[in-house]
Engineer: 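Sending over a structure as structure tokens; questions will come in a sec.
No hydrogens, no waters, no symmetry mates; every other heavy atom, side chains included, goes into these values.
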Amino acid sequence: MKKHLTIVIKLGTSSIVDEKTHQPLLSILSTIVETAVSLHKEGHKVVIVSSGAIGIALRRMNLNRRPKHLPKVQALAAIGQCHLMSLWDQLFMHLGQPVAQILLTRNDIADRTQYLNAQNTFVELLNMGVIPIVNENDTLSVTEIKFGDNDTLSAITAGMVQADYLFLMTDVDCLYDKNPRTNPDAKAIGVVEDIADLEADVSSAGSALGTGGMSTKIVAARLATSAGVTTIITRSSKPGNIASILRYAETQRGVRTPVMRSPSRNSMLSSQELPLRIATIEQAAMASEQLDEALRKKDGMNGTHSPKPEAAEQPPLHTRFLPDLHPIRDRYFWLLHGLTPHGTLYIDSGAHRALADKAGLLPVGVVDVDGSFAQQEAVRIVVVKRLSGNEYEKHDPPPVEVGRALVNYSAAEIRRIRGVRSTEISGVLGYADSEYVALRENIAFLVRNSRPSTPSRLLPNTEIKTPVQA
């Protein structure tokens, strides 16, 4: 790998602490440290998102299980976090690698200035050659300000540092279309191009110590790939595989378009003699051999010779989510994923078209308001079919959420001015802070068209899900 990458590695509680004894899993942690230091020495920037504070505190306080009472959980997080960070520091210190601790809650990044401060801190630490170790600040977190799980936190972190790769380490090798523990015919999913069309088993609910599961990893992958981050799910008990998977993934970066090796291969691709989607590695190998044989015969007729290509090294099992071709970054990423929406604005199709043309949201395009929110708070933007006045169709077609916005007026104010022209705002409210309900720079869209179909050679017993239009 000649390119210097930014890599985020997320470890759940079950990867750090034994579920029964609550002993730190030193073999896994040591391998993660060796892998991170090795990547750092190659010139890559590494961030670790680490759970495990509460799990470590359970052993320290001789408790058998995670308590349900919130203040007790927060107290355990305070006890365990210092021991967890001390453990990471000692392991990295043996290899001479400095580390830093960053604790976050949603409140820390809900404010744009604080978000930028956190982003600048990451940048400076990485430029200094330090490996940041990130965790949610569970001592302060309550339901309203929690990320929910460290899978989501790792995806937001990856977007914040504009990472190239996010590794979600878990207790299985990869995603499967069925539960492999109960279905021997379960197929491993090697590459996912469009998460909207993903059909995978998500029955794994996470460990007794953690809060995540396979479904939260798919949500995190959706978030990270929207920010242009290649996301990989692989087994945490084999962290040494990270380097092999990285090397393989980097060789596959150019596989978004067919590999053009010669004019004869060009013509074969244009005439669709090479299938663009291959379900298994055996079929891929067979198709490749048939194509190479056809090319050798054709070159022989032309008096030329094509050498047989070397077989590509197969990586360890993993699932790779390809990044969006049009990533959402910077302010729009913050609007979509850094803020918690406090309500919903229902707009008509005309307002939606105007937003798509880079115009702001005018009150005349607002059909209805839901929730209670103040000025400069985030809301969902939902498109509906307007019937008459402020009535709209609720079932056919159903309302569709298309984005998020920071509003210039409160929910009570918008209810009064919805459907009126901007020139009438002052007459209705007695004042007019802005002609727009939301400025275009404060609106970010969620939905993009699915990425186009591309060829991909898959892992053994794997299949790729065909994208559909979102």
Engineer: State which residues pass salt bridge (charged side-chain N to carboxylate O under 4.0 Å, His left out) with R380; sequence neighbours excluded, sorted by chain then number.
Structural biologist: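 With neighbours one apart ignored, the set is empty.
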Engineer: Determine whether L84 and S50 make a side-chain contact, defined as any pair of heavy atoms from C-beta on separated by less than 4.5 Å.
Structural biologist: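 L84 vs S50: side chains touch.
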Engineer: Please list, chain by chain and in numerical order, all residues satisfying side-chain contact (heavy atoms from CB on, under 4.5 Å) with L25, sequence neighbours excluded.
Structural biologist: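 Expected list: D18, I28.
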Engineer: Taking side-chain hydrogen bond (donor to acceptor under 3.5 Å, both in side chains) as the test, write out the residues that go with S410, two or more places apart.
Structural biologist: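 E413.
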Engineer: Rounded to the nearest 0.5 Å, how far does CD1 of I9 lie from OG1 of T234?
Structural biologist: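 Between atom OG1 of T234 and atom CD1 of I9 there are 11.5 Å.
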Engineer: Using a strict cut-off of less than 4.0 Å between a Lys/Arg side-chain nitrogen and an Asp/Glu carboxylate oxygen, indicate whether K217 and D151 qualify as a salt bridge.
Structural biologist: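 A salt bridge links K217 with D151.
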Engineer: Can you pull out every side chain to side chain donor-acceptor pair (under 3.5 Å) where at least one residue sits in residues 350-375? Sequence neighbours excluded, please.
Structural biologist: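 Found D368-R418, Q375-D433.
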Engineer: CZ/F167 to CG/N241 distance, rounded to the nearest 0.5 angstrom?
Structural biologist: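 Reported value, rounded in 0.5 Å steps: 9.5 Å.
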Engineer: Mind checking side-chain contact (heavy atoms from CB on, under 4.5 Å) for Q114 and listing every partner two or more places apart, or none if nothing turns up?
Structural biologist: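 So Q114 forms a side-chain contact (heavy atoms from CB on, under 4.5 Å) with D108, D111.
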Engineer: Going by the rule side-chain contact (heavy atoms from CB on, under 4.5 Å), which residues pair with V428 if we only count those two or more places apart in sequence or in a different chain?
Structural biologist: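 With neighbours one apart ignored, the set is R416, I417.
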Engineer: Could you list the residues that satisfy side-chain hydrogen bond (donor to acceptor under 3.5 Å, both in side chains) with Y165, not counting sequence neighbours?
Structural biologist: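 Y165 satisfies side-chain hydrogen bond (donor to acceptor under 3.5 Å, both in side chains) with E250, R253 once adjacent residues are dropped.
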Engineer: Is there side-chain contact between T6 and H44, with heavy atoms separated by less than 4.5 Å?
Structural biologist: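 When only atoms from C-beta onward are counted, H44 and T6 do not touch, as no gap falls below 4.5 Å.
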Engineer: Under 3.5 Å, side chain of W88 to main-chain N/O of A100, donor-acceptor pair present?
Structural biologist: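 No; judged by distance alone, with no hydrogens or angles, the pair does not exist.
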Engineer: Just so I know, are the side chains of H337 and S226 near enough to count as touching, which here means a heavy-atom distance under 4.5 Å?
Structural biologist: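 They are in side-chain contact.
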Engineer: Should D348 and K385 count as an ion pair when the cut-off is N to O under 4.0 Å?
Structural biologist: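 Result for this pair is no, no salt bridge flagged.
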Engineer: With sequence neighbours left out, write down each residue that passes side-chain hydrogen bond (donor to acceptor under 3.5 Å, both in side chains) with Q376, or none if nothing qualifies.
Structural biologist: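 Result, side-chain hydrogen bond (donor to acceptor under 3.5 Å, both in side chains) vs Q376: N408.
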Engineer: Can you pull the ring pair (Phe, Tyr, Trp, His ring centres under 6.0 Å) pairs that have at least one residue in residues 364-394, sequence neighbours excluded?
Structural biologist: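 Applying ring pair (Phe, Tyr, Trp, His ring centres under 6.0 Å) to every pair that reaches into residues 364-394, excluding sequence neighbours, yields Y346-Y392.
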Engineer: Not counting sequence neighbours, which residues clear salt bridge (charged side-chain N to carboxylate O under 4.0 Å, His left out) with R222? List them please.
Structural biologist: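 So R222 forms no salt bridge (charged side-chain N to carboxylate O under 4.0 Å, His left out) with any residue.
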Engineer: Going by the rule ring-ring contact (aromatic ring centres under 6.0 Å, His included), which residues pair with Y436 if we only count those two or more places apart in sequence or in a different chain?
Structural biologist: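 For Y436, no residue satisfies ring-ring contact (aromatic ring centres under 6.0 Å, His included) once neighbours in sequence are set aside.
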Engineer: With sequence neighbours left out, what residues match N135 under side-chain hydrogen bond (donor to acceptor under 3.5 Å, both in side chains)?
Structural biologist: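 Residues passing side-chain hydrogen bond (donor to acceptor under 3.5 Å, both in side chains) with N135: Q81, N150.
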